[in-house]
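Okay, so here's the structure we're looking at.
From a predicted model like this one, the values you see are computed outputs, not experimental measurements.
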Amino acid sequence: MENKWLDIEKILPIIEQNPNISDLHLSSGDCVSYRLNWEIIKREDAGIMTTEWMEIILKQLFQWNPQRFEKFLWDKEADFAYVSRDNTAYRVNAFLKTGRIWIVMRKILKTPLKLEDIMLANISNSVRENILKKKKWLYLVTWPTGSGKSTSIVSMLQEINETRNENIITVEDPIEYVFKPDKCIISQREIWHDTWSFPNALRAAMRQDPDILFIWEIRDSETAAAVLELAETGHLVFSTLHTNSASNTISRFMGFFPSDIQDSVAERLSDAIVWVQSQTLVKSKDWENRVALFELMINNSSIKNNIKKKDINQLDNIIWTSNNYGMITMKQYAELLIQKGIIDKKDVEWLYDLWLWNKNI
(Lines give C-alpha, C1' and ligand atoms only; values in the text may rest on other atoms or scores of the structure.)
Protein backbone atom coordinates (compact mmCIF):
# COMPACT_ATOMS: atom_id res chain seq x y z
CA MET A 1 0.00 0.00 0.00
CA GLU A 2 1.20 3.52 -0.78
CA ASN A 3 2.13 5.66 2.18
CA LYS A 4 -0.72 8.07 1.40
CA TRP A 5 -3.23 5.46 2.59
CA LEU A 6 -1.63 5.61 6.04
CA ASP A 7 -2.44 9.29 6.47
CA ILE A 8 -6.10 10.26 6.95
CA GLU A 9 -5.33 13.73 5.60
CA LYS A 10 -4.22 12.17 2.30
CA ILE A 11 -7.31 9.96 2.09
CA LEU A 12 -9.87 12.68 2.81
CA PRO A 13 -9.20 14.78 -0.32
CA ILE A 14 -10.72 11.91 -2.34
CA ILE A 15 -13.95 12.48 -0.41
CA GLU A 16 -13.79 16.27 -0.38
CA GLN A 17 -13.20 16.71 -4.11
CA ASN A 18 -16.36 14.85 -5.10
CA PRO A 19 -19.62 16.43 -3.83
CA ASN A 20 -21.53 13.20 -4.50
CA ILE A 21 -19.44 11.16 -2.04
CA SER A 22 -21.17 11.14 1.34
CA ASP A 23 -19.33 8.58 3.50
CA LEU A 24 -15.86 7.12 3.88
CA HIS A 25 -15.46 3.52 5.16
CA LEU A 26 -12.15 2.26 6.54
CA SER A 27 -11.84 -1.26 7.90
CA SER A 28 -9.16 -3.69 8.98
CA GLY A 29 -9.07 -6.53 6.49
CA ASP A 30 -10.69 -4.53 3.66
CA CYS A 31 -9.78 -1.76 1.23
CA VAL A 32 -10.66 1.94 1.42
CA SER A 33 -14.31 2.38 0.42
CA TYR A 34 -16.77 5.24 0.07
CA ARG A 35 -20.41 5.80 -0.77
CA LEU A 36 -20.90 7.53 -4.13
CA ASN A 37 -24.53 8.24 -5.13
CA TRP A 38 -25.83 5.45 -2.90
CA GLU A 39 -23.36 2.80 -4.07
CA ILE A 40 -20.35 1.55 -2.10
CA ILE A 41 -17.19 1.96 -4.19
CA LYS A 42 -14.08 0.01 -3.18
CA ARG A 43 -10.63 1.43 -3.97
CA GLU A 44 -8.92 -1.86 -4.65
CA ASP A 45 -5.79 0.01 -5.75
CA ALA A 46 -5.36 0.97 -2.09
CA GLY A 47 -4.79 -2.61 -1.04
CA ILE A 48 -6.02 -4.16 2.18
CA MET A 49 -5.96 -2.13 5.41
CA THR A 50 -4.19 -3.92 8.24
CA THR A 51 -4.94 -3.71 11.96
CA GLU A 52 -1.77 -1.69 12.50
CA TRP A 53 -2.68 0.83 9.79
CA MET A 54 -6.20 1.24 11.18
CA GLU A 55 -4.79 1.94 14.64
CA ILE A 56 -2.57 4.66 13.16
CA ILE A 57 -5.50 6.29 11.33
CA LEU A 58 -7.74 6.18 14.39
CA LYS A 59 -5.01 7.73 16.53
CA GLN A 60 -4.70 10.49 13.91
CA LEU A 61 -8.45 11.12 14.16
CA PHE A 62 -8.05 11.26 17.96
CA GLN A 63 -5.35 13.95 17.49
CA TRP A 64 -2.78 11.51 18.90
CA ASN A 65 -4.46 11.68 22.31
CA PRO A 66 -3.61 8.35 24.04
CA GLN A 67 -6.44 8.71 26.59
CA ARG A 68 -9.04 8.91 23.80
CA PHE A 69 -7.60 5.81 22.13
CA GLU A 70 -7.54 3.88 25.42
CA LYS A 71 -11.14 4.93 26.09
CA PHE A 72 -12.12 3.63 22.65
CA LEU A 73 -10.53 0.26 23.38
CA TRP A 74 -12.48 0.14 26.67
CA ASP A 75 -15.83 1.32 25.24
CA LYS A 76 -15.31 -0.54 21.94
CA GLU A 77 -16.91 2.36 20.04
CA ALA A 78 -16.68 6.14 19.74
CA ASP A 79 -18.84 8.84 18.16
CA PHE A 80 -17.11 12.17 17.57
CA ALA A 81 -16.48 15.02 15.12
CA TYR A 82 -13.37 15.64 13.07
CA VAL A 83 -12.36 18.66 10.98
CA SER A 84 -9.85 18.08 8.20
CA ARG A 85 -7.03 20.39 7.15
CA ASP A 86 -9.30 21.53 4.33
CA ASN A 87 -11.80 22.63 7.01
CA THR A 88 -14.34 19.97 6.06
CA ALA A 89 -16.25 18.58 9.05
CA TYR A 90 -17.03 14.89 9.50
CA ARG A 91 -19.24 12.93 11.86
CA VAL A 92 -17.13 9.91 12.80
CA ASN A 93 -18.13 6.58 14.27
CA ALA A 94 -15.40 4.10 15.16
CA PHE A 95 -16.20 0.62 16.43
CA LEU A 96 -14.94 -2.93 16.64
CA LYS A 97 -16.19 -5.77 14.45
CA THR A 98 -14.85 -9.23 15.26
CA GLY A 99 -12.11 -7.45 17.16
CA ARG A 100 -11.07 -5.24 14.23
CA ILE A 101 -11.36 -1.46 13.91
CA TRP A 102 -13.93 -0.03 11.51
CA ILE A 103 -14.30 3.72 10.90
CA VAL A 104 -17.20 5.45 9.12
CA MET A 105 -16.90 9.18 8.36
CA ARG A 106 -19.97 11.14 7.20
CA LYS A 107 -19.05 14.33 5.33
CA ILE A 108 -20.77 17.52 6.49
CA LEU A 109 -21.47 20.35 4.05
CA LYS A 110 -19.22 23.39 4.53
CA THR A 111 -22.03 25.80 3.70
CA PRO A 112 -25.65 25.25 4.81
CA LEU A 113 -28.08 24.61 2.00
CA LYS A 114 -30.87 27.10 1.49
CA LEU A 115 -34.39 25.90 2.27
CA GLU A 116 -35.37 26.36 -1.37
CA ASP A 117 -32.54 23.98 -2.36
CA ILE A 118 -33.94 21.28 -0.07
CA MET A 119 -37.72 21.65 -0.35
CA LEU A 120 -40.29 22.41 -3.01
CA ALA A 121 -40.98 26.14 -3.16
CA ASN A 122 -44.41 26.00 -1.52
CA ILE A 123 -43.00 23.90 1.34
CA SER A 124 -39.97 26.13 1.98
CA ASN A 125 -42.25 29.19 1.97
CA SER A 126 -44.55 27.45 4.44
CA VAL A 127 -41.60 26.75 6.74
CA ARG A 128 -40.64 30.41 6.66
CA GLU A 129 -44.17 31.58 7.39
CA ASN A 130 -45.13 28.94 9.94
CA ILE A 131 -41.88 28.27 11.76
CA LEU A 132 -38.99 30.64 11.23
CA LYS A 133 -40.95 33.65 12.48
CA LYS A 134 -42.24 31.87 15.61
CA LYS A 135 -41.13 32.91 19.07
CA LYS A 136 -42.09 29.67 20.81
CA TRP A 137 -43.31 26.08 20.37
CA LEU A 138 -41.80 22.74 19.44
CA TYR A 139 -40.58 21.69 15.99
CA LEU A 140 -39.64 18.02 15.53
CA VAL A 141 -37.67 16.66 12.56
CA THR A 142 -37.77 12.87 12.30
CA TRP A 143 -36.58 9.72 10.53
CA PRO A 144 -33.76 7.25 11.20
CA THR A 145 -30.10 8.17 10.69
CA GLY A 146 -28.95 9.33 7.26
CA SER A 147 -32.16 11.07 6.21
CA GLY A 148 -30.85 14.64 6.07
CA LYS A 149 -32.37 15.79 9.38
CA SER A 150 -29.23 17.71 10.36
CA THR A 151 -29.06 19.37 6.94
CA SER A 152 -32.63 20.63 7.28
CA ILE A 153 -32.20 21.93 10.82
CA VAL A 154 -28.89 23.63 10.03
CA SER A 155 -30.57 25.36 7.06
CA MET A 156 -33.39 26.63 9.25
CA LEU A 157 -31.11 27.80 12.04
CA GLN A 158 -28.84 29.55 9.55
CA GLU A 159 -31.82 31.41 8.06
CA ILE A 160 -32.82 32.50 11.56
CA ASN A 161 -29.20 33.51 12.18
CA GLU A 162 -29.33 35.74 9.08
CA THR A 163 -32.74 37.30 9.68
CA ARG A 164 -33.49 37.54 13.42
CA ASN A 165 -31.80 39.03 16.48
CA GLU A 166 -31.94 36.09 18.90
CA ASN A 167 -29.90 33.97 21.29
CA ILE A 168 -29.55 30.43 19.86
CA ILE A 169 -28.27 27.59 22.04
CA THR A 170 -27.55 24.15 20.58
CA VAL A 171 -26.83 20.92 22.47
CA GLU A 172 -25.25 18.40 20.10
CA ASP A 173 -23.61 14.98 20.11
CA PRO A 174 -21.29 15.71 18.38
CA ILE A 175 -21.21 19.24 16.94
CA GLU A 176 -21.17 18.93 13.16
CA TYR A 177 -21.66 22.30 11.51
CA VAL A 178 -20.09 25.25 13.34
CA PHE A 179 -22.22 28.37 12.92
CA LYS A 180 -20.70 31.80 12.44
CA PRO A 181 -22.86 34.27 14.39
CA ASP A 182 -24.58 36.81 12.16
CA LYS A 183 -27.56 38.65 13.66
CA CYS A 184 -27.82 36.04 16.41
CA ILE A 185 -25.72 35.07 19.40
CA ILE A 186 -24.99 31.34 19.01
CA SER A 187 -23.68 29.00 21.74
CA GLN A 188 -22.97 25.44 20.60
CA ARG A 189 -22.41 22.86 23.33
CA GLU A 190 -21.18 19.31 22.78
CA ILE A 191 -22.05 16.35 25.02
CA TRP A 192 -18.99 15.14 27.02
CA HIS A 193 -16.94 18.13 25.87
CA ASP A 194 -19.00 21.09 27.13
CA THR A 195 -21.64 19.30 29.26
CA TRP A 196 -22.19 15.82 30.66
CA SER A 197 -25.69 15.18 29.29
CA PHE A 198 -28.69 16.59 27.44
CA PRO A 199 -30.74 16.98 30.67
CA ASN A 200 -27.86 18.84 32.37
CA ALA A 201 -27.45 21.18 29.41
CA LEU A 202 -31.19 21.86 29.17
CA ARG A 203 -31.47 22.66 32.87
CA ALA A 204 -28.60 25.11 32.47
CA ALA A 205 -30.12 26.56 29.29
CA MET A 206 -33.05 27.93 31.27
CA ARG A 207 -30.58 30.32 32.95
CA GLN A 208 -28.78 31.32 29.74
CA ASP A 209 -31.46 33.65 28.37
CA PRO A 210 -32.22 31.54 25.25
CA ASP A 211 -34.71 32.38 22.52
CA ILE A 212 -34.16 29.34 20.30
CA LEU A 213 -32.77 25.92 21.20
CA PHE A 214 -31.68 22.97 19.12
CA ILE A 215 -31.48 19.68 21.01
CA TRP A 216 -29.73 17.07 18.89
CA GLU A 217 -32.01 14.18 19.83
CA ILE A 218 -34.68 13.27 22.37
CA ARG A 219 -33.35 10.04 23.89
CA ASP A 220 -35.07 9.72 27.25
CA SER A 221 -37.95 10.92 29.41
CA GLU A 222 -35.87 13.56 31.17
CA THR A 223 -34.89 15.19 27.87
CA ALA A 224 -38.47 14.92 26.56
CA ALA A 225 -39.80 16.63 29.71
CA ALA A 226 -37.21 19.42 29.45
CA VAL A 227 -37.94 19.98 25.74
CA LEU A 228 -41.66 20.20 26.44
CA GLU A 229 -41.14 22.65 29.30
CA LEU A 230 -38.88 24.87 27.20
CA ALA A 231 -41.44 24.98 24.39
CA GLU A 232 -44.17 25.86 26.89
CA THR A 233 -42.19 28.68 28.47
CA GLY A 234 -41.76 30.89 25.42
CA HIS A 235 -38.90 29.26 23.49
CA LEU A 236 -38.72 27.95 19.94
CA VAL A 237 -37.29 24.44 20.26
CA PHE A 238 -35.96 22.22 17.46
CA SER A 239 -35.22 18.55 18.08
CA THR A 240 -35.19 15.13 16.41
CA LEU A 241 -36.60 11.64 16.88
CA HIS A 242 -35.97 8.39 14.99
CA THR A 243 -39.58 7.93 13.82
CA ASN A 244 -40.95 7.59 10.29
CA SER A 245 -44.17 9.64 10.43
CA ALA A 246 -45.89 12.40 12.37
CA SER A 247 -48.28 9.99 14.05
CA ASN A 248 -45.43 7.70 15.14
CA THR A 249 -43.57 10.76 16.42
CA ILE A 250 -46.43 11.81 18.67
CA SER A 251 -46.78 8.23 19.96
CA ARG A 252 -43.06 7.95 20.63
CA PHE A 253 -42.93 11.28 22.43
CA MET A 254 -45.81 10.38 24.75
CA GLY A 255 -44.26 6.95 25.25
CA PHE A 256 -41.33 8.55 27.08
CA PHE A 257 -43.71 9.23 30.00
CA PRO A 258 -45.44 6.84 32.45
CA SER A 259 -48.96 5.83 31.42
CA ASP A 260 -50.54 7.49 34.46
CA ILE A 261 -49.49 10.97 33.28
CA GLN A 262 -49.85 10.52 29.52
CA ASP A 263 -53.24 12.26 29.47
CA SER A 264 -51.60 15.35 30.93
CA VAL A 265 -48.64 15.07 28.56
CA ALA A 266 -50.98 14.71 25.56
CA GLU A 267 -52.79 17.91 26.54
CA ARG A 268 -49.53 19.81 27.00
CA LEU A 269 -48.05 18.44 23.77
CA SER A 270 -51.18 19.38 21.82
CA ASP A 271 -50.55 23.00 22.79
CA ALA A 272 -46.73 22.97 22.47
CA ILE A 273 -46.16 21.17 19.17
CA VAL A 274 -46.25 23.38 16.11
CA TRP A 275 -44.78 21.21 13.35
CA VAL A 276 -43.59 17.65 12.72
CA GLN A 277 -41.38 17.12 9.69
CA SER A 278 -40.54 13.54 8.71
CA GLN A 279 -38.04 13.18 5.89
CA THR A 280 -35.88 10.75 3.99
CA LEU A 281 -33.57 10.78 0.96
CA VAL A 282 -34.05 9.03 -2.38
CA LYS A 283 -32.15 8.94 -5.65
CA SER A 284 -32.84 11.58 -8.25
CA LYS A 285 -34.08 10.34 -11.61
CA ASP A 286 -30.63 10.78 -13.15
CA TRP A 287 -29.04 9.06 -10.09
CA GLU A 288 -26.60 11.96 -9.73
CA ASN A 289 -28.06 13.48 -6.57
CA ARG A 290 -30.08 12.68 -3.48
CA VAL A 291 -33.50 14.28 -3.13
CA ALA A 292 -35.40 14.80 0.12
CA LEU A 293 -38.97 13.59 0.61
CA PHE A 294 -41.07 15.19 3.34
CA GLU A 295 -44.18 14.60 5.40
CA LEU A 296 -45.36 17.78 7.13
CA MET A 297 -47.86 18.04 9.96
CA ILE A 298 -48.87 21.52 11.12
CA ASN A 299 -50.76 21.85 14.38
CA ASN A 300 -54.29 23.12 13.75
CA SER A 301 -57.53 22.59 15.67
CA SER A 302 -58.08 19.09 14.24
CA ILE A 303 -54.54 17.95 14.98
CA LYS A 304 -54.65 19.51 18.45
CA ASN A 305 -57.94 17.84 19.38
CA ASN A 306 -56.79 14.40 18.28
CA ILE A 307 -53.47 14.66 20.11
CA LYS A 308 -55.31 15.81 23.23
CA LYS A 309 -57.68 12.80 22.96
CA LYS A 310 -54.70 10.53 22.15
CA ASP A 311 -56.52 9.51 18.97
CA ILE A 312 -53.22 9.31 17.12
CA ASN A 313 -54.46 7.09 14.27
CA GLN A 314 -56.51 10.01 12.94
CA LEU A 315 -53.45 12.19 12.35
CA ASP A 316 -52.48 10.47 9.08
CA ASN A 317 -55.93 11.06 7.61
CA ILE A 318 -55.92 14.72 8.68
CA ILE A 319 -52.54 15.29 7.02
CA TRP A 320 -53.76 13.54 3.84
CA THR A 321 -56.79 15.84 3.54
CA SER A 322 -55.19 19.09 4.70
CA ASN A 323 -52.97 20.18 1.80
CA ASN A 324 -54.73 23.55 1.84
CA TYR A 325 -53.31 24.09 5.37
CA GLY A 326 -49.75 23.37 4.18
CA MET A 327 -49.68 19.73 5.30
CA ILE A 328 -48.57 16.93 3.02
CA THR A 329 -47.92 13.18 3.32
CA MET A 330 -44.65 11.74 2.08
CA LYS A 331 -46.54 9.83 -0.60
CA GLN A 332 -48.16 13.06 -1.84
CA TYR A 333 -44.77 14.81 -1.80
CA ALA A 334 -43.21 11.95 -3.79
CA GLU A 335 -45.99 12.15 -6.36
CA LEU A 336 -45.27 15.86 -6.87
CA LEU A 337 -41.59 15.08 -7.50
CA ILE A 338 -42.56 12.28 -9.92
CA GLN A 339 -44.79 14.71 -11.84
CA LYS A 340 -41.90 17.19 -12.05
CA GLY A 341 -39.57 14.49 -13.38
CA ILE A 342 -37.23 14.83 -10.40
CA ILE A 343 -37.51 11.22 -9.15
CA ASP A 344 -38.63 7.91 -10.64
CA LYS A 345 -41.68 6.14 -9.23
CA LYS A 346 -39.87 2.80 -9.03
CA ASP A 347 -37.43 4.32 -6.51
CA VAL A 348 -40.24 5.20 -4.07
CA GLU A 349 -42.49 2.16 -4.37
CA TRP A 350 -41.61 1.26 -0.79
CA LEU A 351 -43.44 4.43 0.29
CA TYR A 352 -46.79 3.02 -0.77
CA ASP A 353 -46.30 -0.02 1.48
CA LEU A 354 -45.17 2.22 4.36
CA TRP A 355 -48.18 4.49 3.94
CA LEU A 356 -50.59 1.53 4.04
CA TRP A 357 -48.75 0.09 7.06
CA ASN A 358 -48.98 3.38 8.98
CA LYS A 359 -52.67 3.65 8.23
CA ASN A 360 -53.34 0.17 9.61
CA ILE A 361 -51.38 0.31 12.88
Residues 168-176, side-chain donor-acceptor partners within the protein, below 3.5 Å, at least two apart:
unit_1, atom_1, unit_2, atom_2, d
T170, OG1, E172, OE2, 2.6
E172, OE2, Q188, NE2, 2.9
D173, OD2, R219, NH1, 3.1
D173, OD2, R219, NH2, 3.1
E176, OE2, R91, NE, 3.3
E176, OE2, R91, NH1, 2.3

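- Rounding to the nearest 0.5 Å places CZ of R35 at 13.5 Å from CG of N20.
- Once rounded to the nearest 0.5 Å, the distance linking OG1 of T240 with CD of Q277 reads 11.5 Å.
- For residues 116-135, the salt bridge (Lys or Arg N to Asp or Glu O under 4.0 Å) pairs, not counting sequence neighbours, are E116-R128, R128-E159, E129-K133, K135-E166.
- The shortest heavy-atom contact between I298 and I303 is O-CG1, 3.5 Å.
- A donor-acceptor pair under 3.5 Å is absent between the side-chain atoms of N161 and the main chain of L157, judged by distance alone.
- No continuous path of hydrophobic side-chain contacts links I160 to V178 [ILVMFWY only; heavy atoms under 4.5 Å].
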Name each donor-acceptor pair under 3.5 Å that joins a side chain in residues 334-347 to protein atoms two or more places apart or in another chain, with its distance.
unit_1, atom_1, unit_2, atom_2, d
E335, OE2, K331, NZ, 2.9
D344, OD1, K346, N, 3.1

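- Side chains of N323 and Q332: a donor on one and an acceptor on the other come within 3.5 Å.
- I185 and M206 fall into different hydrophobic clusters, where Ile, Leu, Val, Met, Phe, Trp and Tyr residues are linked whenever their side-chain heavy atoms come under 4.5 Å apart, directly or through other members.
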Test side chain to side chain contact (heavy atoms under 4.5 Å, CB included) on L213 and F238 and set out the steps. CA-CA 6 Å; L213 297 103; F238 295 85; over 6 Å; no

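- Side-chain N or O atoms of T321 include one that pairs as donor or acceptor with a backbone N or O of N317 at under 3.5 Å.
- In this structure, the side chain of S33 does not engage the main chain of K42 through any donor-acceptor pair within 3.5 Å.
- The backbone N or O of W196 sits nowhere less than 3.5 Å from a side-chain atom of N200 that would complete a donor-acceptor pair.
- Counting only residues at least two apart or in different chains, side-chain hydrogen bond (donor to acceptor under 3.5 Å, both in side chains) contacts with residues 57-73 comprise K71-D75.
- The heavy-atom pair separating K97 from S28 by the smallest distance is CE-O, 4.4 Å.
- Between the side chain of N244 and the backbone N or O of W143, no donor-acceptor pair lies under 3.5 Å.
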Can you give me every donor-acceptor pair (side chain of residues 254-263, partner residue at least two apart or in another chain, under 3.5 Å) with its distance?
unit_1, atom_1, unit_2, atom_2, d
Q262, NE2, M254, O, 3.2
Q262, NE2, F257, O, 2.9
D263, OD1, K310, NZ, 2.9

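- Atom NZ of K107 sits about 10.0 Å away from atom OG of S84, to the nearest 0.5 Å.
- In this structure, CD1 on I108 lies 6.5 Å from OG on S150, to the nearest 0.5 angstrom.
- Using a 4.5 Å cut-off between side-chain heavy atoms of Ile, Leu, Val, Met, Phe, Trp and Tyr, with links allowed through other members, W350 and V291 fall into the same hydrophobic cluster.
- By the 6.0 Å contact criterion, NZ on K76 is open, its count of non-hydrogen atoms from other residues, nucleotides or ligands being 12 or less.
- Looking at T233 and H235, their side chains do bring a donor and an acceptor atom within 3.5 Å of each other.
- Considering only residues two or more places apart in sequence or on other chains, E9 meets the salt bridge (charged side-chain N to carboxylate O under 4.0 Å, His left out) condition with none of them.
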Kindly indicate, with the supporting measurements, whether the criterion side chain to side chain contact (heavy atoms under 4.5 Å, CB included) is fulfilled by N18 and I15. CA-CA 6 Å; N18 190 327; I15 311 304; over 6 Å; no

Walk me through whether M327 and N300 qualify under side chain to side chain contact (heavy atoms under 4.5 Å, CB included). CA-CA 10 Å; M327 298 190 228; N300 62 11; 3.2 Å; yes

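- Judged by distance alone, with hydrogens and angles left aside, the side-chain atoms of S239 form no donor-acceptor pair with the main-chain N or O of L140 at under 3.5 Å.
- Evaluation of the ring-ring contact (aromatic ring centres under 6.0 Å, His included) rule for F214 yields no partner, not counting sequence neighbours.
- Of all heavy-atom pairs spanning I48 and W53, the tightest one is O-CZ3, 3.1 Å.
- Tracing side-chain contacts under 4.5 Å through hydrophobic residues (I, L, V, M, F, W, Y), one never reaches V83 starting from L58; they form parts of separate clusters.
- A centroid separation of less than 6.0 Å is found between the aromatic rings of F179 and Y177.
- Judged by distance alone, the side chains of S152 and Q279 do bring a donor and an acceptor atom under 3.5 Å apart.
- With sequence neighbours excluded, no residue forms a side chain to side chain donor-acceptor pair (under 3.5 Å) with R189.
- N167 places a side-chain N or O within 3.5 Å of a backbone atom of Q208 that can act as its donor or acceptor partner.
- A salt bridge is defined here as a Lys NZ or Arg NE, NH1 or NH2 lying under 4.0 Å from an Asp or Glu carboxylate O, and R268 with E232 meets this definition.
- Salt bridge status for K110 with D86: present, with a side-chain N to carboxylate O gap under 4.0 Å.
- One side chain, S278 or T142, offers a donor N or O that lies under 3.5 Å from an acceptor on the other.
- A donor-acceptor pair shorter than 3.5 Å can be found between the side chains of D316 and S247.
- Residue V104 shares its hydrophobic cluster (ILVMFWY side chains chained together at separations under 4.5 Å) with F95, W102.
- One finds no salt bridge joining K309 and E267 here, because no Lys/Arg side-chain nitrogen approaches an Asp/Glu carboxylate oxygen to under 4.0 Å.
- A donor-acceptor contact shorter than 3.5 Å is absent between the side chain of N93 and the backbone of D79.
- Looking at every heavy atom in both residues, L281 comes nearest to G148 through CD1-N, 4.1 Å.
- The cluster map of Ile, Leu, Val, Met, Phe, Trp and Tyr, joined by side-chain heavy atoms under 4.5 Å apart, puts I103 and L36 in the same cluster.
- Atom CG of L115 is separated from atom CD1 of I131 by 11.0 Å, given to the nearest 0.5 angstrom.
- Neither side chain, S251 nor N248, offers a donor N or O lying under 3.5 Å from an acceptor on the other.
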For a side chain to side chain contact (heavy atoms under 4.5 Å, CB included) check, start with the C-alpha distance between L202 and L230, then their side-chain angles and the critical distance, and finish with the verdict. CA-CA 8 Å; L202 295 180; L230 284 163; 4.0 Å; yes

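- Here ring pair (Phe, Tyr, Trp, His ring centres under 6.0 Å) pairs that include residues 324-344, with residues two or more places apart or in two chains, are F294-Y333.
- In this structure, CG in L61 is found 10.5 Å from OH in Y90, a value given to the nearest 0.5 Å.
- In this structure K283 satisfies the salt bridge (charged side-chain N to carboxylate O under 4.0 Å, His left out) test together with E39, sequence neighbours excluded.
- By the side chain to side chain donor-acceptor pair (under 3.5 Å) test, S155 pairs with no residue at all, sequence neighbours left out.
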Determine, step by step, whether E55 and R100 satisfy the salt bridge (charged side-chain N to carboxylate O under 4.0 Å, His left out) criterion, reporting the C-alpha distance in whole Å, the side-chain angles of both residues, the deciding distance to 0.1 Å, and the verdict. CA-CA 10 Å; E55 286 187 5; R100 297 177 175 181; over 6 Å; no

